[in-house]
Amino acid sequence: MTINKHILLGVSGGIAAYKSAELVRLFRKQGAEVRVVMTKSATQFISALTFQALSGHPVHTELLDVETENAMSHISLARWADCLIIAPATANIIAKLSHGLADDLLSTLYLAATCPVYLAPAMNQAMWNKAVTFENIERLKKHGVKIIGPEQGDQACGETGFGRMSEPVDIYNHLTDTIEPQTPCLQGIKVLISAGPTREPLDPVRYLTNRSSGKMGYALAKAALKAGAEVTLVSGPVALISPENAHLIKVETAEQMYKAVLSEAVNHAIYIGAAAVADYSPIVINSEKIKKQGEQTTILMQKSKDILAEVSALTPPPFTVGFAAETQDLEAYAREKLTRKKLDMIAANWVGKEQGGFDSEENALHVYWAKGDKTLAMTDKTKLAEQLIRLIAERFNNE
Ligand code: PMT
């Protein structure tokens, strides 16, 4: 996704100021132009030079700037901005803004700005909980200012509670969703998605399965619906609520998933295989509970059908997107699956690591196709799914 926007970042003086450097990097990486305004106290926490290097532009700190046209930097900056985000927003700047004070560049800019304004508060938990701060925030909200965070957790002062600035990636995701909302990039397109694990029964009470929760696949279904698609979701056993407006087909085994996906795939323009399908299933399913006997046992298994490879072999095939769950050599294995299974794209994720992959709220994806690749940074699966759907739509509409 490219963000063709002018982002004006205001940094006020708090220990979280260093985190805003990452915010600049995230926006610039997606093509946005960023200008930075710092309060005097912010420059005591992090140098203006850091923001200058990251944004590629001089940092503004003075209300009356002789270097700027007409010495009116607050007016020209306010006109330039598509969006003003103040991160971190201290209790002091929040109080000033809520009362319309304009005694430095940042507070004056807020008054001159006509674009959407966002604040990411950061302060000690007692300051955040003070009634006067609450009133100031409520006043700003009434004037249309959007508040992001703060989060709960350990604070630099050693206390615990609400007051930590939201993580840069969360602020970034929040802003990109608002200023570049999900476009109907798949309007009317039929998208088939597989999600969750499969269960391969051994006997009436036992089965083999894996750690997939279905969260990634369900998030993709929601994101595709949001992008205007007609969605069919073939789901293994999960404890998730079905996305409203998706056509849900529940299955248990790899064989059932194979049948459901193959019969639906012919009617869909896109297939996304996010399910963790069993590679092997037991040859014999005992009709009675298997009795304990001996120190060791063997289960004979047979390879299950490769759903993804069979979908991409259809004539004509839907635009086929696979996943690759890897614990080593991510790119090499993902690219090998891309070629061998004749896929249009593959989204690879590390699994079995501390963060991301199976049964977690967050994930990161490395997406590969014949002539390119893109990394989608670690974020919650809802946001990640929206990014992946945008990328799939871009490639699908290109071909
Ligand atoms: O469900 P969550 O907890 O949110 O976790 C998400 C996830 C980690 C399960 C998901 O992001 C993911 O990686 N899904 C694919 C898991 C997997 O089975 O990967 P694989 O590398 O073993 O398989 C490669 C591809 O072949 C996958 O698209 C898979 O759906 C497909 N496959 C595999 C075997 C088979 N018999 N048929 C298939 O279609």
Side-chain angles (χ1 to χ4, degrees), residues 192-200 208-223 233-240 243 251-262 264-265 270-281 301-314 317-369 376 378-385 387-389 392:
L192 175 65
I193 299 171
S194 72
T198 58
R199 272 183 193 166
E200 308 308 317
L208 299 173
T209 189
N210 59 64
R211 293 178 189 277
S212 170
S213 63
K215 286 176 191 159
M216 194 67 241
Y218 275 56
L220 283 165
K222 283 186 199 151
L233 179 61
V234 177
S235 173
V238 297
L240 298 173
V251 297
E252 274 214 17
T253 63
E255 180 63 22
Q256 288 167 3
M257 187 169 275
Y258 168 81
K259 284 187 178 143
V261 169
L262 264 292
E264 289 293 330
I270 299 177
Y271 172 60
I272 308 173
V277 188
D279 287 326
Y280 292 87
S281 33
M301 314 257 283
Q302 73 185 7
K303 211 170 174 180
S304 43
K305 293 175 190 127
D306 194 317
I307 303 170
L308 198 57
E310 292 215 22
V311 168
S312 77
L314 290 170
F319 186 88
T320 310
V321 183
F323 267 70
E326 308 295 346
T327 56
Q328 55 182 330
D329 298 335
L330 187 82
E331 178 167 0
Y333 282 124
R335 283 204 180 274
E336 187 274 329
K337 282 175 184 162
L338 178 75
T339 315
R340 178 168 46 85
K341 299 193 186 196
K342 298 192 171 58
L343 308 177
D344 294 291
M345 293 173 88
I346 192 154
N349 44 194
W350 289 107
V351 292
K353 304 275 164 189
E354 273 174 17
Q355 246 191 327
F358 284 94
D359 198 17
S360 62
E361 296 306 319
E362 297 196 321
N363 201 10
L365 290 171
H366 304 271
V367 191
Y368 305 99
W369 57 97
L376 305 177
M378 180 70 70
T379 186
D380 66 86
K381 285 180 177 170
T382 305
K383 299 274 155 43
L384 188 68
Q387 292 167 13
L388 181 59
I389 287 293
I392 291 172

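Along the sequence shown, residues carry numbers from 1. In this text, all values refer to a predicted model and were calculated from it rather than measured experimentally. When a ligand or atom number is given, it counts from 1 through the structure's own listing order.
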**Item:** Per-atom contacts, ligand 1 versus G273 - under 4.0 Å to a heavy atom
**Value:** 27 (C), 28 (O), 30 (O)
**Prompt:** Of all residues at least two apart in sequence or in a different chain, which pass the salt bridge (Lys or Arg N to Asp or Glu O under 4.0 Å) check with K222?
**Reply:** none
**Fill in**
Within 4.0 Å of some non-hydrogen atom of D359, the atoms of ligand 1 are 2 (P), 3 (O)
**Sub-3.5 Å N/O-N/O distance, Y271 and ligand 1** = no
**Prompt:** Taking N or O atoms only and a 3.5 Å limit, does K341 qualify as a polar contact for ligand 1?
**Reply:** yes
**Prompt:** Among protein heavy atoms, which lies nearest atom 34 (C) of ligand 1, and at what distance?
**Reply:** D279 OD1, 3.4 Å
**Message:** So for K381, does at least one of its heavy atoms come nearer than 4.0 angstrom to any atom of ligand 1?
**Reply:** yes
**Protein contact to atom 31 (C) of ligand 1 [nearest heavy atom, distance to 0.1 Å]** = L308 CD2, 3.9 Å
**Item:** For K215, the ligand 1 atoms whose distance to one of its heavy atoms is below 4.0 Å
**Value:** 1 (O), 2 (P), 4 (O)
**Asked** Are A254 and ligand 1 in contact, using a heavy-atom cut-off of under 4.0 Å?
**Response** no
**Item:** L192 and P318, any side-chain heavy atoms less than 4.5 Å apart
**Value:** no
**Prompt:** Heavy atom of A274 under 4.0 Å from ligand 1?
**Reply:** yes
**Request:** State whether the shortest distance between N or O atoms of V351 and N or O atoms of ligand 1 falls below 3.5 angstrom.
**Result:** no
**Request:** Look only at interatomic distance and state if A276 has a nitrogen or oxygen under 3.5 Å from any nitrogen or oxygen of ligand 1.
**Result:** no
**Message:** Keeping N363 on the side-chain end and N349 on the backbone end, is there a donor-acceptor pair under 3.5 Å?
**Reply:** no
**Message:** Under 4.0 Å from a heavy atom of A278: which atoms of ligand 1 are those, numbered in the order shown and with their elements?
**Reply:** 36 (N)
**Message:** I'd like to know whether ligand 1 has K305 as a neighbour, heavy-atom separation below 4.0 Å.
**Reply:** yes
**Item:** Identity and separation of the nearest protein heavy atom to atom 25 (C) of ligand 1
**Value:** F323 O, 3.0 Å
**Item:** S312 side chain to Y271 side chain, donor-acceptor N/O pair below 3.5 angstrom
**Value:** no
**Request:** Could you tell me which atoms of ligand 1, counted from 1 in the order shown, lie closer than 4.0 angstrom to a heavy atom of S304?
**Result:** 36 (N)
**Request:** Decide whether the shortest distance between a heavy atom of A347 and an atom of ligand 1 is less than 4.0 Å.
**Result:** no
**Asked** For ligand 1, which atoms, with element, lie under 4.0 Å from some heavy atom of G214?
**Response** 1 (O), 2 (P), 3 (O)
**Prompt:** So which bit of A275 gets within less than 4.0 Å of ligand 1, heavy atoms only: side chain, backbone, both or neither?
**Reply:** backbone
**Expected output: side-chain E200 to main-chain Y280 donor-acceptor under 3.5 Å** = no
**Prompt:** Is atom CZ of F358 surrounded by more than 12 heavy atoms (other residues, nucleotides or ligands) closer than 6.0 Å?
**Reply:** yes
**Request:** Tell me, please: is A324 in heavy-atom contact with ligand 1, that is, under 4.0 Å?
**Result:** yes
**Item:** Pairwise side-chain contact, E255 with S281, heavy-atom cut-off 4.5 Å (strictly under)
**Value:** no
**Request:** Say whether A325, considering both its backbone and side-chain N or O atoms, lies within less than 3.5 Å of an N or O atom on ligand 1.
**Result:** yes
**Request:** Only heavy atoms count here, so choose which of M257, R211, K337 is nearest to atom 20 (P) of ligand 1.
**Result:** K337
